[in-house]
Amino acid sequence: MSDLVLTERVGAVLVTTLNRPEARNALNPELIDELSAVLREADTDPAVRAIVLTGAGTVFCAGMDLKAFAKGGGKFDGLVWFFREGITTPVIAALNGSALAGGFELALACDLVVAAEDAKLGIAEVKRGLFAAGGGTTLADRVPLAVALEMGLTGDLVTAADAKQFGLVNRAVPADEVRETALTLAGRIAENGPLGVAMTKKLMRERRWAEPEEVESVFRSADAVEGARAFAERRSPVWTGR
């Protein structure tokens with residue numbers, strides 16, 4: 001792999017950084033494919049309990065690289081699977097700066113969002129004759145329809161502070177606090193039982209009750225026994241993911 005995506009382990013958390021600051025971390029085919037590979041690999045690593053996704057420089061992601069798109073070279077669909085299906089491992093978007101168009105959709109595909117309070121967010125594709133094909137058109141599932149339509153049809157941007165009021169952002173903090181705030185949230189997730197976390201994410205994403213076999217798979221697991229014993233013995237549990 002190249003250095004378009006940087007990774008760093010902080011305990012059980014994998015910090016993943018989009019690394020095209022000279023292009024405002026715009027998504028060209030190479031960056032898309034490399035990020036896709038990093039996410040897939042991390043999701044198969046039991047030692048990774050949470051992922052923090054951020055950007056190098058002062059912008060999280062400016063969306064699709066329109067210069068590369070205009071040249072007609074390469075394919076831009078390498079992250080469609082992540083937008084639509086996601087991964088089992090919880091992902092926290094750490095928006096060190098603005099997240100625009102496909103960059104905003106990338107943030108929406110994450111589970112939690114921590115953003116610099118003055119960062120600009122939005123789906124501006126209509127301003128370029130396109131539409132938000134990476135999941136931005138599902139925005140009405142997250143915010144009131146009137147808000148989603150205004151953002152989608154005008155292409156206008158909102159600040160992270162406003163987005164927090166709409167429920168699109170979990171934390172809006174000063175820019176220099178974004179990484180540590182995201183790592184703190186990721187650490188709190190990573191402390192919990194991985195089977196319970198994975199099932200909670202799955203059911204909440206699918207907006208449904210657990211099936212009996214899903215309940216049994218977690219409640220009869222070794223981790224469930226460990227959690228109960230650790231509580232009784234007043235110690236921290238040691239999770240195995242089984």
Side-chain angles (χ1 to χ4, degrees), residues 1-19 31-56 78-95 106-114 135 170-171 178-242:
M1 289 187 181
S2 69
D3 60 354
L4 290 175
V5 178
L6 305 178
T7 59
E8 174 191 359
R9 283 289 298 275
V10 181
V13 179
L14 181 72
V15 180
T16 302
T17 304
L18 308 179
N19 190 38
L31 174 55
I32 288 171
D33 290 345
E34 190 162 328
L35 178 58
S36 175
V38 168
L39 291 171
R40 288 187 186 278
E41 182 177 353
D43 201 35
T44 63
D45 185 348
V48 175
R49 301 284 177 82
I51 298 169
V52 169
L53 178 60
T54 191
L79 280 171
V80 169
W81 69 271
F82 179 67
F83 289 139
R84 291 183 177 177
E85 304 159 21
I87 58 178
T88 300
T89 307
V91 185
I92 299 175
L95 307 186
L106 181 58
L108 288 178
C110 298
D111 301 301
L112 302 177
V113 179
V114 175
N170 296 86
R171 305 280 191 278
V178 168
R179 176 185 165 95
E180 286 307 311
T181 302
L183 279 171
T184 297
L185 278 173
R188 287 166 57 191
I189 292 170
E191 290 175 353
N192 297 326
L195 297 180
V197 166
M199 188 62 72
T200 298
K201 173 175 172 174
K202 175 183 174 65
L203 296 174
M204 284 189 170
R205 283 285 189 178
E206 296 177 1
R207 296 172 175 80
R208 65 176 177 84
W209 287 74
E211 297 296 333
E213 60 271 19
E214 292 173 320
V215 174
E216 185 168 339
S217 70
V218 175
F219 279 61
R220 291 187 177 275
S221 68
D223 273 359
V225 174
E226 168 63 9
R229 285 178 176 170
F231 175 79
E233 296 167 6
R234 298 183 179 182
R235 61 174 174 81
S236 297
V238 179
W239 309 116
T240 62
R242 298 192 299 272

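None of these values were measured; they are calculated from a predicted model.
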side-chain hydrogen bond (donor to acceptor under 3.5 Å, both in side chains) involving [X] - partner list, sequence neighbours excluded:
X	answer
Arg84	none
Asn192	none
Thr89	Asp43
Glu226	Arg235

**Request:** Output all residues satisfying salt bridge (charged side-chain N to carboxylate O under 4.0 Å, His left out) with Asp223, sequence neighbours left out; order by chain, then residue number.
**Result:**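 Per chain and number, Asp223 pairs via salt bridge (charged side-chain N to carboxylate O under 4.0 Å, His left out) with no residue.
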**Item:** By salt bridge (charged side-chain N to carboxylate O under 4.0 Å, His left out) - contacts of Arg205 (at least two apart)
**Value:**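 Partners of Arg205 by the salt bridge (charged side-chain N to carboxylate O under 4.0 Å, His left out) criterion, ordered by chain and then number, come out as Asp111.
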Flag the pair [X] / [Y] as yes when at least one side-chain heavy-atom distance between them is below 4.5 Å, and no otherwise.
X	Y	answer
Leu195	Trp239	no
Arg229	Val238	no
Leu112	Ile189	yes
Leu35	Leu4	no

Atom [atom1] in [X], atom [atom2] in [Y]: separation rounded to 0.5 Å?
X	Y	atom1	atom2	value
Cys110	Phe83	SG	CZ	9.0 Å
Thr54	Ile92	OG1	CD1	11.5 Å
Met204	Lys201	CE	NZ	12.5 Å
Leu106	Phe82	CG	CZ	6.0 Å
Leu18	Leu6	CG	CG	9.0 Å

**Request:** Apply side-chain contact (heavy atoms from CB on, under 4.5 Å) to Glu34 and Asn19, showing your working.
**Result:** CA-CA 11 Å; Glu34 190 162 328; Asn19 190 38; over 6 Å; no
Excluding sequence neighbours, so at least two apart, what forms side-chain contact (heavy atoms from CB on, under 4.5 Å) with [X]?
X	result
Arg208	Lys202, Leu203, Glu206, Glu211, Glu214
Ala198	Thr88
Glu85	Trp81
Thr181	Val114, Arg171, Val173, Glu177

How close do [X] and [Y] get, heavy atom to heavy atom, and via which atoms?
X	Y	answer
Ser221	Arg242	CB-O, 3.6 Å
Thr17	Ala56	CG2-N, 3.5 Å
Ala94	Ala182	CB-CB, 3.8 Å
Thr200	Gly196	OG1-O, 2.7 Å
Met199	Ser217	CE-OG, 3.9 Å
Gly78	Asp33	CA-OD1, 4.0 Å

**Asked** Considering the options Ile87, Thr7, Val13, which one meets the side-chain contact (heavy atoms from CB on, under 4.5 Å) requirement together with Ile51?
**Response**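 Exactly one pass, corresponding to Ile87.
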**Request:** Evaluate the criterion side-chain contact (heavy atoms from CB on, under 4.5 Å) for residue pair Leu95 and Val178; output intermediate values, then yes/no.
**Result:** CA-CA 7 Å; Leu95 307 186; Val178 168; 5.6 Å; no
**Item:** All pairs passing salt bridge (charged side-chain N to carboxylate O under 4.0 Å, His left out) where residues 178-188 contributes a residue, at least two apart
**Value:**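 Residue pairs passing salt bridge (charged side-chain N to carboxylate O under 4.0 Å, His left out), neighbours aside: Glu8-Arg179.
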